[in-house]
Amino acid sequence: MTDEVGYLKAQLEEKEKDIVALKNKLAHLEKSNASVLELYEKVTPLTPLKAKASLSNEDIMRYSRQLLLPELGVQGQLNLSKTSVLVVGCGGLGCPLAQYLAAAGIGRLGLLDYDEVELSNLHRQVLHGEENQDQAKALSAANAIKRLNSTVECIPYHLQLSSENALQLIQQYDIVADCSDNVPTRYLVNDACVLSGKPLVSASALRMEGQLTVYNYHGGPCYRCLYPVPPPSETVTNCSDGGVLGVVPGIMGCFQALEVLKIASGQGSSCGQQLVMFDAQDARFRSIKLRPKQAGCAVCGENPSVTRLVDYEAFCGSAATDKCRKLNLLSRDQRITVQDYKSIMDTAEPHLLLDVRPLVEVDICHLPTSLNIPLSSLEYRKSEHIQLLQESISQLKQQMEGDCRPPVYVICKMGNDSQKAVQVMEKMSGSEVDSITVKDISGGLMAWAKRIDPTFPQY
Amino acid sequence: MAAPVAIHLEFGGGAELLFNGVKDHHVTLPSQPDPWDVKQLLVWIQQNLLKERPELFVQGDSVRPGILVLINDADWELMGELEYQLQDQDNVVFISTLHGG
Ligand SMILES: [Zn+2]
């Protein structure tokens, strides 16, 4: 009898626990459903961020480990909660930046990106997951941030920052973080920050290096003070061309988060007239004292010539994306398609296939019969490579028996470098090497993978 | 005659790719009638270290836009830019600005 009573009591207790768990689960689901994020396709006015009078018990527990720092304290935490930050670019820099700002309790995060998540982003853009492919990066990042800290107000913008919308957008935020990946956007963000008086925490990363500076801050220089003239577009390398180790923008994005948090909490940044350079190969940070604000600066100087936003793609001579642009350097009869090359291969027509990519890319994938001489070796006339090329051409000439001009087909990844190589080789033909007929394979190996051989890797 | 000047040249941010990927160069500028300045150093680099495609490094008698010059860990603008007179054991860095993210 007593056994049965005890058993029933235990059962009841168990069921009550289940009910509590189910109720919690339901409440949690209802809460997260209620906060389904809306994606902004254009800039709209935001309600001002309200200052908290004090920290709640939940706030105190959540932020306790940083509240203990005298550098931050309760006032610093309250300052964070009333600060809004615009993150321009939700990529390799923007992801860790947004993550740490949200974790630390920033009030509002504007997350801007025009792009969608791709598989090749995931090694560095750590807020996005496999299931987010093809989703707007801004939305994917905002959802990840919401899971981390639901008290942070997130506004995902799926749009291209432009001269038309940048001022209206930036005016609504307290601090701007430039996490973009191209030159025109960097000038646009700078000018918009100067014109609206906002501090700009700017970082960049490529290969194994990173750079960081806070512009337009406490009377310090702006981006244009340092770089009055944009670099020639052919000297600019993006991450999809040059490569980048994911942790490098990770470190720089975290560094950006640090400077944003110092400014937002009221401690202030010491990077206002300073360039921090990070060399991941040597594991070395280096701080450089920069020039002060320049009296002759076109946007922040004494007599500015830039008083409203201009056409930044025209100013920089390049597009505001990090996508590779397609060059068109050759005439139609200097180019063949991948289909043309397939039939040349199939009919075993004597020819030389020259792959002009760097060795590191040839290691990733290549066509079996190709000879590899990187474009730079051709441009610099590296003697061992020119000799190798000449030998291959001579062999081909013997094989063809006759005083013809042996055909050389040049291939690269996308069909840009191969065109440059054709131009270089046309100059060499008949002088540095035997006379040849040289043509480019339009669209390169990526076109080959798309149209001819679907098993060929894409990168 | 000014004595030879031994300096440490560094290239970074991708500028090293113009110098066979070598970041560090310890060089000695030979003795010459006048003291070495940065303007002359740029000519010396073109003649001795950079054999091809100078347009990716220099423009006119200065560096091309997008390359920052640092002398002894300070922006060269603070040091007199092209007119700065090089001292023995100076450290001169040429850093290409990064734009990726
Ligand atoms: Zn300025």
Side-chain angles (χ1 to χ4, degrees), chain A residues 88-89 91-94 124 178-186 202-207 209-211 221 223 225-232 234-244 248-249 252-253 273-275 277 279 281-282 286-292 294 322 376 379-381, chain B residues 8-25 38 46-84 90-101:
Chain A
V88 180
L93 296 164
R124 68 187 190 284
D178 189 345
C179 304
S180 70
D181 55 14
N182 63 82
V183 187
T185 303
R186 292 197 178 265
S202 179
S204 56
L206 185 71
R207 298 189 187 98
E209 286 179 86
Q211 296 169 355
Y223 189 72
C225 289
L226 234 61
Y227 309 108
V229 180
E234 68 272 18
T235 64
V236 175
T237 311
N238 57 28
C239 292
S240 51
D241 277 349
V244 63
V248 176
M252 299 314 293
Q273 197 184 321
Q274 196 165 295
L275 166 68
M277 305 192 299
D279 185 327
Q281 195 74 65
D282 303 341
R286 194 165 183 183
S287 282
I288 300 296
K289 184 161 184 346
L290 291 175
R291 68 195 69 179
Q294 301 289 288
D322 77 334
S376 62
E379 284 173 332
Y380 292 114
R381 307 286 200 274
Chain B
H8 179 197
L9 295 177
E10 287 180 76
F11 301 93
E16 74 280 8
L17 298 176
L18 298 170
F19 301 88
N20 255 327
V22 180
K23 285 185 195 165
D24 289 277
H25 299 252
V38 174
Q46 275 184 80
Q47 290 170 348
N48 293 275
L49 296 178
L50 180 74
K51 299 275 160 55
E52 304 277 345
R53 309 194 67 194
E55 73 280 7
L56 297 182
F57 187 67
V58 289
Q59 195 174 92
D61 58 11
S62 191
V63 290
R64 71 151 170 85
I67 290 183
L68 209 55
V69 186
L70 314 168
I71 301 170
N72 300 331
D73 282 351
D75 186 345
W76 73 334
E77 199 272 345
L78 300 164
M79 311 289 284
E81 299 195 10
L82 291 168
E83 275 78 52
Y84 172 77
D90 270 352
N91 173 256
V92 185
V93 181
F94 297 89
I95 187 115
S96 185
T97 323
L98 307 176
H99 307 95

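Letters A, B, ... are given to chains in the order of the sequence lines, protein chains preceding strands, and every chain is numbered from 1.
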Note: Glu234(A)-Arg53(B) ion pair, threshold 4.0 Å (strictly below): no
Gap separating the CD1 atom of Ile95(B) from the CE atom of Met277(A), nearest 0.5 angstrom: 4.0 Å
Nearest-0.5 Å distance that lies between atom CD1 in Ile288(A) and atom CG in Asn72(B): 9.5 Å
Derivation of the side chain to side chain contact (heavy atoms under 4.5 Å, CB included) call for Leu17(B) and Arg207(A): CA-CA 12 Å; Leu17(B) 298 176; Arg207(A) 298 189 187 98; 3.4 Å; yes
Is there side-chain contact between [X] and [Y], with heavy atoms separated by less than 4.5 Å?
X         : Y         : answer
Gln59(B)  : Val229(A) : no
Arg291(A) : Leu68(B)  : yes
Leu275(A) : Asp75(B)  : no
His99(B)  : Pro231(A) : yes

Toward chain B, the part of Gln294(A) with a non-hydrogen atom under 4.5 Å: side chain
Considering all heavy atoms, the nearest Leu290(A)-Leu78(B) contact: O-CD1, 3.6 Å
Pro232(A) versus Pro65(B), closest heavy-atom pair with distance: CD-O, 3.7 Å
Pick from Gly66(B), Gly100(B), Gly12(B) with the largest number of heavy-atom pairs that fall under 4.5 Å of chain A: Gly100(B)
Residue among Pro292(A), Gly92(A), Gly91(A), Ala205(A) with most heavy-atom pairs under 4.5 Å to chain B: Ala205(A)
Which of Asp178(A), Thr185(A), Leu206(A), Val183(A) touches chain B most, by non-hydrogen pairs under 4.5 Å: Val183(A)
Asp282(A) atom CG, over 12 foreign heavy atoms within 6.0 Å: yes
Stepwise side chain to side chain contact (heavy atoms under 4.5 Å, CB included) check, Thr97(B) with Arg186(A): CA-CA 12 Å; Thr97(B) 323; Arg186(A) 292 197 178 265; over 6 Å; no
Worked verdict on Leu70(B) versus Arg286(A) for side chain to side chain contact (heavy atoms under 4.5 Å, CB included): CA-CA 12 Å; Leu70(B) 314 168; Arg286(A) 194 165 183 183; over 6 Å; no
